[in-house]
Amino acid sequence: MERNIVRLVDGMIGTGTLIATLPGGKTFRFGPGGEPTVALTIHDRRALMSIIVHPDPAFPEAYMDGRVTIEHGDLLDFFQLLAPIERPATYPIPARMMRYARFAARRLSQWNGLSASLRNVKKHYDLSPAMYRRFLDADMQYSCAYFQNPDLSLEEAQIAKKRHIAAKLMIEPSMNVLDIGCGWGGMALTLADECGANVTGVTLSEEQLAVAKTRGAGRDDVRFELRDYRTLDRTYDRIVSVGMFEHVGIRNYGTFFRKAHDLLARDGVMLLHTIGRSEPPNVTSGFIHKYIFPGGYIPALSEVSSAIERAGLTITDVEILTTHYGDTLAEWRKRFHAARDAVLDEYDERFFRMWDLYLAASEAAFRFYNMVVFQIQIVRDKTVVPMSRDYIGQRERELTRAAGARSRYDVSSAAE
């Protein structure tokens, strides 16, 4: 039995060295060797067998419950071990069969109708705003930052992200802008402040809505609504959606882009910012689906582009942000660890370990695996955008100069 376990686990390690102490005290070394080196202890046989048969979500669950502890190295190092760098990682037949079954049934797990979408959002985004404030930037941007150079702080890179998106939207003063999945309001407020737009932000999270409304109180140029984008019925000059498309679910891509077509003015521009995968279509991690983002799915570019085409829309620009999200997640995780005591005051150790694992696995996905970020510019009429991409950098510089040292919107108190 031990020989079979060693063979199976060894095949799952694509690079580096794993030193595992199994129940009973025996220690084994796995992998092709070299760095990173991770030492862990699996404390009971049931956890061991679950991990062998179905690593995802069995390993995350065992780690969350303290049935697996990492004695040397870090979670990020552990997930790097599974990256097929030195040799292709091979998974046990039961785990592969389960993955094939999940792929076949993925549309059922991403039903995401109006009521299901509301339930899914509540599970993740209706945690207390205080918890998110502990690791996000002051503007509470919960999406990939844009590190134009590696010396940028998280706050600077998030401002750069918003201006990069604004430049691609080509917003003129008084334009009506729709923000689908507006979060805590930072993007909408920035587009109103720096571009002079009139912005409507919609979210399904009551906690996010409360913060956004507080931040936009007393203003006529921004408004926030607890509303599903599918229920909107007017047109907008510009549409932006940042970090929301991951929750749509593949069976709803047609609905999403047909609705975008109807909501977008004939001479309008839309910018979709979403996590994507640089590989063919796949499945959502069992851990992520069960504990973090129920109903969520990270698309391949082929899945997105074909849905856009079928909706009668045109893609006029695609930019791939490669490791920007890895850098973003690294800073989030650093801040999350610094706030450990405050997190434990509000939640418990299992919650902290769950979120630590989520942040580490996500960072690894962008550093060592196939996750990237797509920024897709979409129009109804291809002639509304310039023939050259030079305008993007020019508009970014104009926005930066106009903002000066500080914009009219004070980000230092944004999350208060």
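Atoms considered below: every heavy atom in the structure, side chains included; atoms not considered: hydrogens, waters and symmetry mates. Owing to the predicted nature of the structure, the values given are computational and were not obtained by experimental measurement.
Side-chain contact check for T69 and H43: at least one donor-acceptor pair (N or O, by modelled atom type) lies under 3.5 Å. Between the side chains of E303 and Y297, a donor-acceptor pair is found at a separation under 3.5 Å. A donor-acceptor pair shorter than 3.5 Å cannot be found between the side chains of Q141 and K162. Judged by distance alone, the side chains of E207 and S205 never bring a donor and an acceptor atom under 3.5 Å apart.
In this structure, L127 and H124 approach most closely via the heavy-atom pair CG-O, 3.4 Å. When all heavy atoms of S306 and S302 are compared, the pair lying nearest together is OG-O, 2.9 Å. Nearest heavy atoms, P55 versus P60: O-CD, 3.5 Å. Contact between A192 and V199 at its shortest, heavy atoms only, is N-CG2, 4.0 Å. For the pair R238 and G268, the tightest heavy-atom approach, listed with the atom from each and the gap, is NH1-CA, 3.7 Å. Here the closest heavy-atom approach between residue P386 and residue Y391 is recorded as CG-CD2, 3.5 Å.
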Fill in: salt bridge (Lys or Arg N to Asp or Glu O under 4.0 Å) evaluation trace for E309 with R258
CA-CA 10 Å; E309 293 163 2; R258 285 193 298 271; over 6 Å; no
Worksheet item: Does the side chain to side chain contact (heavy atoms under 4.5 Å, CB included) test come out yes or no for M270 and Q377, once each step is laid out?
Response: CA-CA 6 Å; M270 176 178 180; Q377 186 189 62; over 6 Å; no
Worksheet item: What's the verdict on side chain to side chain contact (heavy atoms under 4.5 Å, CB included) for L313 and V379, showing C-alpha distance, side-chain angles and the deciding distance?
Response: CA-CA 6 Å; L313 294 164; V379 299; over 6 Å; no
Worksheet entry | Step-by-step side-chain hydrogen bond (donor to acceptor under 3.5 Å, both in side chains) determination, E346 to S128 | CA-CA 9 Å; E346 188 173 10; S128 75; 2.4 Å; yes
Worksheet item: Can you check salt bridge (Lys or Arg N to Asp or Glu O under 4.0 Å) on R333 and D74, steps first, answer last?
Response: CA-CA 12 Å; R333 189 168 179 236; D74 181 74; 2.8 Å; yes
Discussion item. Could you walk me through whether V240 and L191 satisfy the side chain to side chain contact (heavy atoms under 4.5 Å, CB included) test, starting with their C-alpha distance in whole Å, then the side-chain angles of each, then the deciding distance to 0.1 Å, before giving a yes or no?
Written reply: CA-CA 10 Å; V240 63; L191 296 181; 4.1 Å; yes
Item to complete: Would you please test Q148 and H164 for side-chain hydrogen bond (donor to acceptor under 3.5 Å, both in side chains) and show each step?
Response: CA-CA 10 Å; Q148 292 171 305; H164 195 53; 5.6 Å; no
Worksheet item: Run the side chain to side chain contact (heavy atoms under 4.5 Å, CB included) check on E396 and Y146 step by step: do they pass?
Response: CA-CA 12 Å; E396 283 181 279; Y146 183 52; 4.0 Å; yes
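At least one donor-acceptor pair closer than 3.5 Å links the side chain of S153 to the backbone N or O of E156. Between the side chain of D237 and the backbone N or O of M175, no donor-acceptor pair lies under 3.5 Å. At least one donor-acceptor pair closer than 3.5 Å links the side chain of S241 to the backbone N or O of I180. A donor-acceptor pair under 3.5 Å is formed between the side chain of K161 and the backbone N or O of C144. Not one N or O on the side chain of Y125 forms a donor-acceptor pair closer than 3.5 Å with the backbone of Q208. A donor-acceptor pair under 3.5 Å is absent between the side-chain atoms of H273 and the main chain of Q375, judged by distance alone. The backbone N or O of W184 lies less than 3.5 Å from a partner atom in the side chain of R215, making a donor-acceptor pair.
A salt bridge is absent between E246 and R277; no separation between the charged side-chain nitrogens and carboxylate oxygens falls under 4.0 Å.
Ring pair Y347/W355: centre-to-centre distance not below 6.0 Å. Ring centroids of F374 and F245 are separated by 6.0 Å or more, keeping the two rings apart. Proximity of the aromatic rings of F256 and H247 is defined here by a centroid distance below 6.0 angstrom, and this criterion is not met. The ring of F293 has its center no closer than 6.0 angstrom to the ring center of F287.
A heavy-atom distance below 4.5 Å is found between the side chains of L178 and L232. Counting heavy atoms from C-beta outward, T200 and E225 have side chains that approach closer than 4.5 Å. Side-chain contact between D193 and R219 is present, with heavy atoms from C-beta onward closer than 4.5 Å. The side-chain heavy atoms of F351 and Y291, taken from C-beta on, include no pair separated by under 4.5 Å. Here the side chains of I19 and T37 are in contact, with some heavy-atom distance below 4.5 Å. T190 has its side chain within reach of D139: a pair of non-hydrogen atoms, C-beta onward, lies under 4.5 Å apart. Residues T21 and F28 form no side-chain contact, since every pair of their non-hydrogen atoms from C-beta on lies 4.5 Å or further apart. Taking the side chain as every heavy atom from C-beta outward, T214 and V211 never approach each other to under 4.5 Å.
Figure legend: R234 and Y236 shown as a cation-pi pair, the cationic atom lying under 6.0 angstrom from the six-membered ring centre and within 45 degrees of its axis. Judged by the 6.0 Å and 45° rule, R353 forms a cation-pi pair with Y63. In this structure, R310 fails the cation-pi test against F257, since its NZ or CZ atom is not both closer than 6.0 Å to the six-membered ring centre and inside 45 degrees of the ring normal.
Enclosure of atom CG in N149 by more than 12 non-hydrogen atoms of other residues, nucleotides or ligands within 6.0 angstrom is indicated. By the 6.0 Å contact criterion, CD on E349 is enclosed, its count of non-hydrogen atoms from other residues, nucleotides or ligands being greater than 12.
Taking the six-membered ring for Trp and thresholds of 30 and 60 degrees, F336 and F352 have nearly parallel ring planes, at less than 30 degrees apart. Ring planes of F135 and Y132: tilted class, angle from 30 to 60°.
Screening residues 364-380 for salt bridge (Lys or Arg N to Asp or Glu O under 4.0 Å), with sequence neighbours left out, gives D327-R367, E363-R367. Pairs passing the salt bridge (Lys or Arg N to Asp or Glu O under 4.0 Å) check and including a residue from residues 60-71, sequence neighbours excluded, read D44-R67, E61-K290, D65-R350.
Scored by the side chain to side chain donor-acceptor pair (under 3.5 Å) test, S362 finds no partners at all (sequence neighbours excluded).
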